[in-house]
Amino acid sequence: MIDVKLLNRNFDEVVARLQKKRVSEELLSQLRDRYLKFKNLKSQLEEAQAEQNRKSKLFQTYIREKKDITNLKKEVSENKKLIAQLSEKVKEAEKLLEELLYSIPNLPHQSVPDGVDENDNVEIAKIGTPRQFQFEPKPHYELGEKLGWLDFERGVKLAKSRFTAIRGMGARLERALINYMLDHNRKCGFDEVSLPIVTNAKSLYGTGQLPKFGEDLFKIEGEELYLIPTAEVTLTNLFADEILKSDDLPIQLTSATPCFRKEAGAGGKDVRGIIRQHQFYKVELVAITKPEESYQMLDKMVECVSSLLSNLGLPHRKVELCGGDLGFSASKTVDIEVWIPSQNRYREISSISNTEDFQARRAKIRYRDGKKNRLVHTLNGSSLAVGRTLVAIMENFQNENGEIEIPKVLERYL
RNA sequence: GGACAGAUGGGUGAGUGGUUGAAACCGCACGCCUGGAACGCGUGUGUAGGGCAACCUACCGAGGGUUCGAAUCCCUCUCUGUCCGCCA
């Protein structure tokens, strides 16, 4: 979450910065009011508590000196009522404050370009050149069905739409990709971990999926548990409520997991093929750094992902997201988009974000900097969305007969 | 799933109603000692919020209760450990 003290002190600055994310001044003004109200009530409560403590201590001496305590008792029980009333009010005020605070997105970094949606994103680099086809390239779903790699009907039979059965060489290729990606990420300095793929509400609050985006999560019936929408949640929350040692930073982790998303509101988008599924494998990168090192880490992560695509021989580009397209928790995001021949355009295959201290504040991830405890910065990025990588390989490396050439780097994984 | 035990600061661990936010030890930081280090000695060292200085408030798994006052008593829940059962 954002720093409410910063909002209180530098209101205009925060308003200006959050304008990029189209957060209204009214909302922020309301937030500030709630904060001030909470603060005010809280100090009233604390004053009453201090009074209570002072009086309570008198009992000992009164009793020792055999003084009458009936009056004192009366005073104290009066004050007790006041405390009860005030703490109710404080609780209420705090709840109102937190409700709002938890739903305000992160401040974008100063360098984030202005803009409304993805059309305003800024291309920063193009790597590789899209191949010139001597024939009409087929979409992956046609290739996949013909090859027996993608069985859409049977996937739907097992679950519902947007679930797919991947078979034969398709399944083997998926597994090879995961292994290749993990090995690559390890060379970039990211330690492999294996974590639960279900997680609790607290963790989802920590990384910002809750409270605002609950409708996109699969919840397990009868449990306070959800299927993870991304390993970012578990990887980052691994250190929730901890104070890390300065020497332990940066922490760099990678993990391959299935991800589950309801894709609420994506109705009609990418209905054919496996670009947008309810379940997909993703290899994730997460880094936890000191504040002054986080942007260096962002660059490093972008390079790690870009080189992965280059090694696979896939043309791609780096795009800097504009304010309007920036995610809830992100301060700055670089998307990596891969060339999809059948659509004749680049599509997102990775999204790498620095959330600065936004998630750290929510999840209470700190480190000891000399004598002080400071919030860390957290970063996350896909490396890569496996299903979409499979799509890219199929489409980019297809021949006229509908066969797929396997990238050389994957050979030893098959 | 059944039975029992437990949950205290970075760690081990004391503490059964009142100057205990918490002994002791370890760790850590700083200083002294040393040519340098180890050892030794000394000082400091929980988190969060408010004043942003003195200081005040809350927190001893979570929530509620008893009491003028609770880490300490009562209730509920969660988690952990051990044994039994079941099982990949």
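In what follows, every chain begins at residue 1, and chains take the letters A, B, ... in the order their sequences are listed. Predicted, not measured: the structure shown is a model, and the values here were computed from it.
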Determine the Euclidean distance between corresponding [atom1] atoms of [M] and [N]; express it in Å to zero decimal places.
N: B:G21; M: B:U57; atom1: P; answer: 10 Å
N: B:A24; M: B:G15; atom1: C1'; answer: 11 Å
N: B:G64; M: B:A54; atom1: P; answer: 32 Å
N: B:U12; M: B:G27; atom1: P; answer: 15 Å
N: B:C77; M: B:C68; atom1: P; answer: 28 Å
N: B:C39; M: B:U34; atom1: C1'; answer: 11 Å
N: B:U67; M: B:U16; atom1: C1'; answer: 15 Å
N: B:U8; M: B:G81; atom1: P; answer: 14 Å

In the structure shown, which nucleotide is the Watson-Crick or G-U wobble counterpart of [N], with both distances under 3.5 Å?
N: B:C52; result: none
N: B:A58; result: B:U47
N: B:A71; result: none
N: B:C83; result: B:G2
N: B:A88; result: none
N: B:U66; result: none
N: B:C32; result: B:G40
N: B:A23; result: none

Considering just the side-chain nitrogens and oxygens of [X], establish if one lies under 4.0 Å of OP1 or OP2 belonging to [N].
X: A:Arg368; N: B:G27; result: no
X: A:Lys80; N: B:G69; result: yes
X: A:Lys73; N: B:C68; result: yes

Open item on the list: Under 4.0 Å between a side-chain nitrogen and a carboxylate oxygen: does that hold for A:Arg388 and A:Glu337?
Closed with: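 So A:Arg388 does not pair with A:Glu337 through a salt bridge.
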Task: Pair A:Glu51 + A:Lys55: basic N to acidic O under 4.0 Å - done: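 Judged by the 4.0 Å cut-off on N to carboxylate O distance, A:Glu51 and A:Lys55 do form a salt bridge.
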Which whole-number value in Å describes the distance from [X] [atom1] to [N] [atom2]?
X: A:Glu242; N: B:G46; atom1: CD; atom2: C1'; answer: 15 Å
X: A:Asp248; N: B:G27; atom1: CG; atom2: C1'; answer: 14 Å
X: A:Arg361; N: B:U47; atom1: CZ; atom2: C1'; answer: 16 Å
X: A:Leu375; N: B:U47; atom1: CG; atom2: P; answer: 13 Å

- [ ] Establish, for the pair A:Lys262 and A:Phe218, whether the NZ or CZ atom is under 6.0 angstrom from the six-membered ring centre and no further than 45 degrees off its axis.
- [x]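 Yes.
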- [ ] Give me the ring orientation class for A:Tyr413 and A:Tyr180: parallel if the planes are under 30° apart, tilted from 30 to 60°, perpendicular past 60°.
- [x]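 Rings of A:Tyr413 and A:Tyr180: perpendicular, over 60°.
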Open item on the list: Students often mix this up, so state it plainly: with edges at 30° and 60°, are the rings of A:Tyr295 and A:His109 parallel, tilted or perpendicular?
Closed with: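 Tilted: the ring planes of A:Tyr295 and A:His109 meet at 30° to 60°.
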Does a donor on one side chain and an acceptor on the other come within less than 3.5 Å for [X] and [Y]?
X: A:Gln277; Y: A:Thr164; result: yes
X: A:His184; Y: A:Ser307; result: yes
X: A:Thr355; Y: A:Thr378; result: yes

Open item on the list: So A:Lys81, base contact, sugar-phosphate only, or nothing? Heavy-atom distance under 4.0 Å.
Closed with: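 Nothing, no heavy atom under 4.0 Å.
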Open item on the list: Treating primed atoms plus P, OP1 and OP2 as sugar-phosphate and everything else as base, which nucleotides of nucleotides 48-61 of chain B get B, S or - for protein heavy atoms under 4.0 Å?
Closed with: SBSSB---SBS---
Task: Member of A:Leu7, A:Leu28, A:Asn10, A:Val23 meeting the side-chain contact (heavy atoms from CB on, under 4.5 Å) criterion with A:Val15 - done: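 Result: among A:Leu7, A:Leu28, A:Asn10, A:Val23, A:Leu28 is the only option passing the side-chain contact (heavy atoms from CB on, under 4.5 Å) with A:Val15.
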